[in-house]
Each structure stands twice: as structure tokens, then as C-alpha cells.
Undergrad: 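Have a look at this one before I ask anything.
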Protein chains: 2
Amino acid sequence: MATRIFIVDDHYMIIEGIKSLLQNEKGIEWMGHAMNAASCMAFLQMHTPDIILLDINLPDKSGIELCKEIKVSFPKINIIGLSSFNQQSYINKIMENGASGYVLKNATREDLVDAIEYVMEGKKYLSEEAAFIIKKNEGSKIPILTRREKEVLLLIAEGMTNNEIATKLFISTTTVDTHRKNLLAKFEAKNTATLIRMATQHAFI
Amino acid sequence: MATRIFIVDDHYMIIEGIKSLLQNEKGIEWMGHAMNAASCMAFLQMHTPDIILLDINLPDKSGIELCKEIKVSFPKINIIGLSSFNQQSYINKIMENGASGYVLKNATREDLVDAIEYVMEGKKYLSEEAAFIIKKNEGSKIPILTRREKEVLLLIAEGMTNNEIATKLFISTTTVDTHRKNLLAKFEAKNTATLIRMATQHAFI
DNA sequence: CACACAATCCCCTAAAAACAGGATTTTTAG
DNA sequence: CTAAAAATCCTGTTTTTAGGGGATTGTGTG
């Protein structure tokens, strides 16, 4: 039985590229594509692919969010993350949210086919580069922020002072200061500049 | 005579996608691809395409740099910028460096064909979204930084204080402070957080 | 040769952030 | 239920930034 593949990506060129790369592969059935999260979920009401190739960046919501939702509603569908970015944060996040693999957009046809085969066998697949990134950054962890910390972080990035943030969130300035301290500690940053740089690098902003 | 197209991109899927989108177009001759700046320049020693589709992000150097170099050595070749990012800074920069057009990677086949036709007629082409971005941000210019300001900016982003930067650059702390003030003014940022965010958004960091 | 501009330096004040300790009350998850 | 985690608040001090003024020297361009 052929492996049914569905792809969710908002780039025509990528959709065409993958279609083209896979079209002569035996045992692979192309089910089509969606260009956003909403139409992906609509498609899944009617059809059941074996594997979804899922872009990290979608217009209506993050691929990571969508991945989580798909796995809740359709746990049997395997998901392979797809993106241009070889950032550890993305790779980790989508794998933690139930994806079975991760492939960079500069993958070759062989990489793609390997990924699909591995995943269909129930194994996890990480492209070489993705695995390398993970390994390289084994020590430097991505901080886990609480709801409130994320909120404060974004307001800091907006250029607001502790005082302004306190007013906006209806809490005391000292509380904001505490959150700020915790953010600095979690990112191992010694000041705001490093904090914001780290946060953008880890895709928090 | 057919329009000879060459593409420089490090993503197989994009190369395949564009090839697939263009393969049935009349009057377009596919010359092949390069996956980095070096092999692109090597190719150009032997062949002369009419149009190069050039990715902004290449492994060995930025597409913007490569664009400039190509236009110096081969001024007759027209270049169309290509990227996933609809950031004003990229669009502006590559157009300033001699590109004749800019297309986002979520372009349709029609967009691509339009771009190629326009450029072959000697006109400039901006995809709808790119034009929108440019128009939207007409007022908010990208600051022009001096050599020293860039240097100081990077050190601020590293988390260094004015004092540390002064020591590192063998200048007075007050001088660093002056540069810092100018940076804040140029970015219209009221504090370090906004400064760093703006700088990363405009690809200075 | 002017003139703009970059780079350098200075003073002063006020505001904000960083550092160092706490402590209490909710929430959440096992 | 209970222990851990999160969110809240506090009192200090020191360091760093931000904002307001200046000023001098060199460099390159019209």
C-alpha cells in the first residue's frame, strides 16, 4: 500500500519542488497540499494521509501549534517538520509536540525518501544537519519560560520600562523586576541587550 | 530567442519547484543551477544567462553581495532577488545593488513568469507583496550607520557596557556613550531593548 | 577653501536596570 | 492532599543608561 503524503506549506515553489522530487518514487501517493493551518484541518476532516510534511512557518499559525493540534485529533498521522531554518529551538519544539521527523528545505530527494521510510517504520528521523545542530548545542539549552515571563519579555522588547509594564499588567514594579531577573538568569544574559538578542535568536520575539 | 534562466539557491526543493513551475513555459530555457556563490561565479565564466534568480541567503556569502559582484563583472545579466523574507531591508538592499526584480518564494507561476517578462523588457519587477511592504514602510527608513556605530552596536548586542566597550576600542567611555546616543536616535529607539530589536529586524545583527 | 560629517572627548542630572537578599500567596500537577 | 512551581510583593545598594547640554579634531567632497 502506498504511503499517502500531504503537505502543508505556504510556498508554491516548495510544494512544486517536493511534488517534483517525489513524483517518480514508487509507493508514494501525493494527496495534495494546504497553504495554511485552517485548510489543512478542513482537509483532515475528509481524508487521512499517512504523513504530513509540515512547514514551521504558516500564515495563520505556527506549524508547531498546528502539529500539536493534529496529533490531538489525529494521533495516527505522522508529521515531519519542514523549514529553512536549522535553529535548534524549532527542531526541539516541533519534536516535543509530536512530530516524527525534521527535514530542512535544502534536503535532497534521498533525504526526503529516507525520512518518509523511517517514519513509516515507526522510527524518528532527523536530517543530518538537524542532528548536528542538536548535538552541537547539547549543552546550551533553550530556556523554558512561564506564561508571565513571555509576556514581560515581549513588553521589554517593545521598549517598555519596568514601571510601564507594571502599569500595563496591573502588578507591582518589583514584580516586573523579579520577572526580569528571572529572564536574565534563564537566558544567562547579563543585561537587556543580550536578553533581547538571545530571545530573538531562540525565536521568542 | 528563448530567455535563458539560471538559478542560485541552496535549497533543492526550491530549485526543483521553480524548474517544475517553468518547465512548460515557452520561450524559457533552463540553464541549470548553482548552490553557492562560488560555483555561480564559476558557471558565469563559461556561460551567459539572461536572467539569474538569486536567493538572498547563500551558504558562502549573502545574495546581496553576490548580486553586486555579478553586476560588476557581467552588467548585462539581469538579476531577480528571491527569498522567503518579505523584509524591507532585504528588498531595498538587493535592488540598490543592481537587481531588476524581487520575488518572494511563495510566488505563483504567474508571478514568476511576469517577473521574467518584465525584466526582459528592461522594466523593474516587484511582487505585489514586496511592493506592499515597500509602500507600507515608506516613512520608516533604514538608518545609515557609520563604521564605528556598527562596531559599537555589535558590542552592545554582545552584552558589553559602555565601559567595557571603551576599554576594548581604546576610546573614552563618553565617546561610546555618544555613539550609543546616536544609535538610539537613528533607530528612533528609546532604550537598549528596542535598539537591539530594531537592529536585528533590519539585519544589522 | 568652506562645509558636512565622523570620531573623539567633557560635564551634569535623573531614570532605569542590575545585584542581593528576602517573603507570601496562588496555581498546578503528581 | 501536598509539594513544586509560578506569581506576587518587599527593602536596600550599586551600576549603567538616557537625556540635556556642549566642544575639538580630522577627513573628504563639492
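Chain identifiers are assigned alphabetically (A, B, ...) following the order of the sequence lines, protein sequences preceding nucleic acid strands; residue numbering begins at 1 within each chain. The figures that follow rest on heavy atoms only: side chains count, while hydrogens, waters and symmetry mates do not.
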Undergrad: Yes or no on side chain to side chain contact (heavy atoms under 4.5 Å, CB included) for B/L155 and B/V176, after CA distance, side-chain angles and deciding distance?
TA: CA-CA 10 Å; B/L155 296 178; B/V176 179; over 6 Å; no
Undergrad: Please lay out, stage by stage, how B/M95 and B/K124 fare under the test side chain to side chain contact (heavy atoms under 4.5 Å, CB included).
TA: CA-CA 9 Å; B/M95 296 304 283; B/K124 302 268 176 189; 4.0 Å; yes
Undergrad: Which heavy atom of A/A99 sits nearest to which heavy atom of A/C67, and what is that distance?
TA: N-SG, 3.8 Å
Undergrad: Less than 4.0 Å between a side-chain N and a carboxylate O, is that true for A/K190 and B/E164?
TA: yes
Undergrad: Should the ring pair B/F43 and B/H47 be called parallel, tilted or perpendicular, given that the plane angle runs from 0 to 90° and is split at 30 and 60?
TA: parallel
Undergrad: Could you state the CZ-C1' distance from A/F187 to C/dA18, rounded to the nearest angstrom?
TA: 17 Å
Undergrad: How long is the line joining CD1 of A/I165 and C1' of C/dA17, in whole Å?
TA: 11 Å
Undergrad: Which atoms form the tightest heavy-atom contact between A/K186 and A/I144, and what is the distance?
TA: NZ-O, 2.8 Å
Undergrad: Which heavy atom of B/N78 sits nearest a heavy atom of B/S100, and at what distance?
TA: OD1-OG, 3.3 Å
Undergrad: Go ahead and name the base partner of C/dA20; Watson-Crick or wobble counts if both distances stay under 3.5 Å, otherwise write none.
TA: D/dT11
Undergrad: Can you measure A/I156 atom CD1 to C/dA17 atom C1' for me and round it to whole angstrom units?
TA: 10 Å
Undergrad: Is there a donor-acceptor contact under 3.5 Å linking the side chains of A/T48 and A/R4?
TA: no
Undergrad: Using atom names, set out every protein N or O paired with an N or O of nucleotides 4-7 of chain C below 3.5 Å, distance rounded to 0.1 Å.
TA:
unit_1	atom_1	unit_2	atom_2	d
C/dA7	OP1	B/R147	NH1	3.2
C/dA7	OP1	B/R148	N	3.3
C/dA7	OP2	B/T146	OG1	2.3

Undergrad: Within the 4.0 Å limit for protein heavy atoms, which parts of nucleotides 15-30 of chain D are touched? Write it as a string from 5' to 3', B for base, S for sugar-phosphate only, - for none.
TA: -SSSBB----------
Undergrad: Please work out if A/S172 contacts a base, only the sugar-phosphate, or nothing of the nucleic acid, heavy-atom cut-off 4.0 Å.
TA: sugar-phosphate
Undergrad: Just how far, in rounded Å, is P of C/dT8 from CZ of B/F170?
TA: 13 Å
Undergrad: Quick one: A/K150 NZ to D/dA5 C1', roughly how many Å, whole number?
TA: 15 Å
